[in-house]
J.: 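One structure, as structure tokens, below. Some questions next.
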Amino acid sequence: MNYKRLLSCLLTAFLFVSVQASAYTELKPLPVYNEVAKQLFNKLETEHYSKPIIDNRISEMAFKYYIDDLDPTKSFFLESDVKALSRYKDSFDDALREGNTQVAYTIYNLYQKRVENRLNYLEKHIPDMVKHFNYTKNDTLSNDPDTRKWAKTEKALDAYWYKRIKNSALTLKMNGDNNDKIIKTLTRRYKNQIHHLEQTDSTDVFQIFANAITATLDPHTSYFAPRASETFNINMSLSLDGIGAVLQGDDDYTKIVRLIPGGPAAKQTKLAPNDKIIAVGQEGKPMVDVVGMRLDDVVDMIRGPKGTKVRLEIIPSKGSQTSKIVTIVREKVKLEDQSAKKDIIDVKRDGKTYKIGIIHLPTFYSDFAAIQAGDKNYKSSTRDTKKLIEELKKEGIVGLILDLRNNGGGSLQEAVGIAGLFIPAGPIVQIRDKNGHITALGDNDGKIAYGGPMAVLTNRMSASASEIVAGALKDYGRALIIGSRTFGKGTVQVLQDMDKGQLKVTQAKFYRVSGESTQHRGVIPDIAFPSLIDTKKIGESALKNPLPWDKIHATRYPTYWDMAAYDPLLEKRHEERIKHDPDFIALEDQIKAYKEQEKRYKVISLNEKTREAEEAAIKKQDLDIENTRRKALGLKPVKSLDDIDPKKDKSDPYAQEASNILLDFIAINQQAAKEAQEKQAEAKQASSN
């Protein structure tokens, strides 16, 4: 059978199956959730920071979010479906207010019918499709979500699905699978999605509907139905063993959002944010494909007893799209693994060696259980950091770096305490609540643990409490901020119980002592480093509908150094230095390569030889960049990037360069002091004459 005839038959079959009656029972709203809807409406209007009026404007946004949440890849609805459903776009606010959520179920039931027809067909016909795919043709698949439109006809949607399945089959083929295994894997994927559809109940639909409403207010306000609420509370308490990663659903995939500092994934592997998990394997058992599975089912598979191994097959977020398998030993994320740690970086200049102390702080922690039990030796980030500072001072450091990279926040009290180690007294953060009341939290002990030159090292994953500390020390002119712009999460959430489930609602915003919000913009560094993290994909500004940046009145606080005056000199020296730094040269090359790869993958070739050539070129490019770096550093080249042991290769060019910048700052100050003394001496001499 030739390609055109096969495609014609498949498209005809798709058209036929699309009009079959649904075998699933249509879902209806449960009476109890109609009451929860009214409760949710009242709570959002009265408890949310922005004091919203849930009206037709909110309704239209929620309608769009609801459709997008159901069909994010525009794979099931037709343009005509969306147009027909748009008559409900002004009904979402009424549904919530009146406690009549039938509109959500009417839309969902049509979606369910479309998905059921499509998946049932795929499950039956994938074997024939895979066996007849022609990988020598030069056809392509659009992979750019920003340009994808709703299909106008069933035929156009069928053609998209044909290419989508062909791409999946080709990817598996390039990973070494034969046709039988490809058929088995793809069939299982669509069975997973059918199973997911079968498991979805009225409560799930209400949760999707409710969160379409909450998403119009900000990305951190969410409704959790009872099962989701239980999972959320488990994640917050870190009470189960696992890999130490925050996961979320992303279309048919499970995506890594961030790695928990001190957790197994952060310590043991090269997993990164935006990597997609496509299969999970238990110790001694075969991998199970998880594409299309419910997120909570995937999470359950990844969790397990401490000390056991779990294997994850992932598609990396950067570089080659060929999957790879990583093995992680499950552990609990222990407090001691997240504790502050110290290092000393030796910087050689003019025949001398200068010691720069660095304190790595993965999170702002406090052992509340020990405090409640009356243990005087309880662990806290402030106490531990203070102790490490004393040790570093005894070792003769000339400057200090507080490393807040990948620190996603934690205890607000501890953040205030950490900042207070570096100023005698004064406000640290302002908090404005939903009623406009402003409360300032600060340090009032009149003591400092360290008064010398210092810097704060940040990246895009430095969030929340990290931004409070970085922002305060920047405003006081107490520290140089070096690295990347921070995440930009400057809001406070409170968890409230409801008749069914819980509501996490934004009730306040953080502001710096200068009056600037940390929300949306984050903290901008004095000296910016190049970064592999794409700010368009990660950060508050990359989330749906974030609250805006704004400003309130500044508080009264002293300024220790005018850091802005130093920035031009420091920037010039920094730029000159990294021009010749092998690590930074390699980093810039990687960033350029990844941008090119991202652009290239917006249109995916379905020709096997073209794909193989692209994959080989990417692997060679990445390997060449690494080996050029290694050669410049006097290291042995590697045959594969997989040969690099992250535990042995502990180079940290960011910390090294931050140390150089801090030493530049010290040298500039010393030179200025010397010149001031000389001028003073000259003036004294002149007056005596």
J.: Do R148 and Y160 form a cation-pi contact, if we require the NZ or CZ to be under 6.0 Å from the six-membered ring centre and within 45 degrees of the ring's axis?
T.: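 The answer is yes, since R148 meets both limits relative to Y160.
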
J.: Just jot down the salt bridge (charged side-chain N to carboxylate O under 4.0 Å, His left out) partners of D94, sequence neighbours excluded, or say none.
T.: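 Testing D94 for salt bridge (charged side-chain N to carboxylate O under 4.0 Å, His left out), a comparison that skips the adjacent residues, returns R97.
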
J.: Not counting sequence neighbours, which residues clear side-chain hydrogen bond (donor to acceptor under 3.5 Å, both in side chains) with T153? List them please.
T.: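 Counting only residues at least two positions away or on another chain, T153 forms no side-chain hydrogen bond (donor to acceptor under 3.5 Å, both in side chains).
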
J.: Could you pull out all residues at least two apart from D433 that satisfy side-chain hydrogen bond (donor to acceptor under 3.5 Å, both in side chains)?
T.: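 If we apply the side-chain hydrogen bond (donor to acceptor under 3.5 Å, both in side chains) test to D433, skipping adjacent residues, there are no hits.
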
J.: Please identify each residue that fulfils ring pair (Phe, Tyr, Trp, His ring centres under 6.0 Å) with F209, with sequence neighbours left out.
T.: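 Scan of F209 (ring pair (Phe, Tyr, Trp, His ring centres under 6.0 Å), adjacent residues dropped) gives F92.
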
J.: Under the salt bridge (charged side-chain N to carboxylate O under 4.0 Å, His left out) rule, collect the residues that match up with R405, sequence neighbours excluded.
T.: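 Testing R405 for salt bridge (charged side-chain N to carboxylate O under 4.0 Å, His left out), a comparison that skips the adjacent residues, returns D403, D652.
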
J.: Got a sec, which residues hit ring pair (Phe, Tyr, Trp, His ring centres under 6.0 Å) with Y49, two or more places apart in sequence or on another chain?
T.: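 Ring pair (Phe, Tyr, Trp, His ring centres under 6.0 Å) list for Y49, sorted by chain: empty.
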
J.: What pairs meet the salt bridge (charged side-chain N to carboxylate O under 4.0 Å, His left out) rule with one or both residues in residues 539-548, with sequence neighbours excluded?
T.: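 Of all non-adjacent pairs touching residues 539-548, those that pass salt bridge (charged side-chain N to carboxylate O under 4.0 Å, His left out) are D69-K544.
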
J.: For K124, which residues count as a salt bridge (charged side-chain N to carboxylate O under 4.0 Å, His left out) partner, sequence neighbours excluded?
T.: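 Salt bridge (charged side-chain N to carboxylate O under 4.0 Å, His left out) list for K124, sorted by chain: empty.
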
J.: For residues 72-82, please give each side-chain donor-acceptor pair under 3.5 Å, one per line with the distance, not counting sequence neighbours.
T.:
residue, atom, partner, partner atom, Å
T73, OG1, S75, OG, 2.5
S75, OG, T73, O, 3.4
S75, OG, R164, NH1, 2.5
E79, OE1, K152, NZ, 3.4
E79, OE2, K152, NZ, 3.3
D81, OD1, R114, NH2, 2.9
D81, OD2, L78, N, 3.0
D81, OD2, R114, NE, 3.0

J.: Please enumerate all residues that pass side-chain contact (heavy atoms from CB on, under 4.5 Å) together with N143, with sequence neighbours excluded.
T.: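 If we apply the side-chain contact (heavy atoms from CB on, under 4.5 Å) test to N143, skipping adjacent residues, the hits are I604.
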
J.: Taking salt bridge (charged side-chain N to carboxylate O under 4.0 Å, His left out) as the definition, give me every residue that meets it alongside D71, ordered by chain and number, with sequence neighbours left out.
T.: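 Partners of D71 by the salt bridge (charged side-chain N to carboxylate O under 4.0 Å, His left out) criterion come out as none, since no residue qualifies.
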
J.: Can you name the residues that form a ring pair (Phe, Tyr, Trp, His ring centres under 6.0 Å) with F206, not counting sequence neighbours?
T.: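 Ring pair (Phe, Tyr, Trp, His ring centres under 6.0 Å) check on F206 returns Y33, Y223.
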
